[in-house]
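Just so you know, these numbers come straight off a predicted model, no measurement behind them. The figures here come from the full heavy-atom set of this structure, side chains too, leaving out hydrogens, waters and symmetry mates.
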Amino acid sequence: MTELLLVRHGLPLAGVFDPPEGSAQAERLAAWLVHEDVDALYTSPFLRARETVAPLERLTGMTATVLDDLREEHRPTLQPPSRSARRPWAAEDATVISPI
């Protein structure tokens with residue numbers, strides 16, 4: 001069976017990798033995964049993602065493949081409907097559970 005493990009980058013600080021906490025997270029991740037049967041490593045081109053995979057590369061001797069298309073996608077924030085577009089609340093919209 002094929003398993004795919006997606007890992008978020010280590011903790012960034014103000015958009016920059018935070019060496020004390022983010023590095024510790026990356027080291028703990030590597031220590032956990034080094035005992036797993038990992039066939040390949042992939043990373044986004046972002047520095048914080050590269051820094052997160054670096055300890056695992058070091059422990060396994062593997063090199064992560066950088067996928068340029070693996071990046072964050074910024075979408076516009078969805079705005080809630082205007083007050084006039086909302087329908088009024090009705091009692092049938094609610095479920096009431098009474099404690100016994």
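Here the CG atom belonging to D68 is positioned 9.5 Å from the OG atom belonging to S44, to the nearest 0.5 angstrom. Between L70 atom CG and T65 atom OG1 the span is 11.0 Å, to the nearest 0.5 Å.
With side-chain heavy atoms closer than 4.5 Å counting as contact, directly or through intermediates, V66 stands alone and belongs to no larger hydrophobic cluster. Summarising the hydrophobic clusters (Ile, Leu, Val, Met, Phe, Trp, Tyr; side-chain heavy atoms under 4.5 Å, direct or chained), the residues clustered with V34 are L59.
L41 pairs by the side-chain contact (heavy atoms from CB on, under 4.5 Å) definition with V38, V53, L56, E57, T60, M62, A64, not counting sequence neighbours.
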(message) Could you walk me through whether T52 and T43 satisfy the side chain to side chain contact (heavy atoms under 4.5 Å, CB included) test, starting with their C-alpha distance in whole Å, then the side-chain angles of each, then the deciding distance to 0.1 Å, before giving a yes or no?
(response) CA-CA 9 Å; T52 299; T43 184; over 6 Å; no
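Identified under the side chain to side chain donor-acceptor pair (under 3.5 Å) test for residues 26-42, with sequence neighbours left out: E27-R58.
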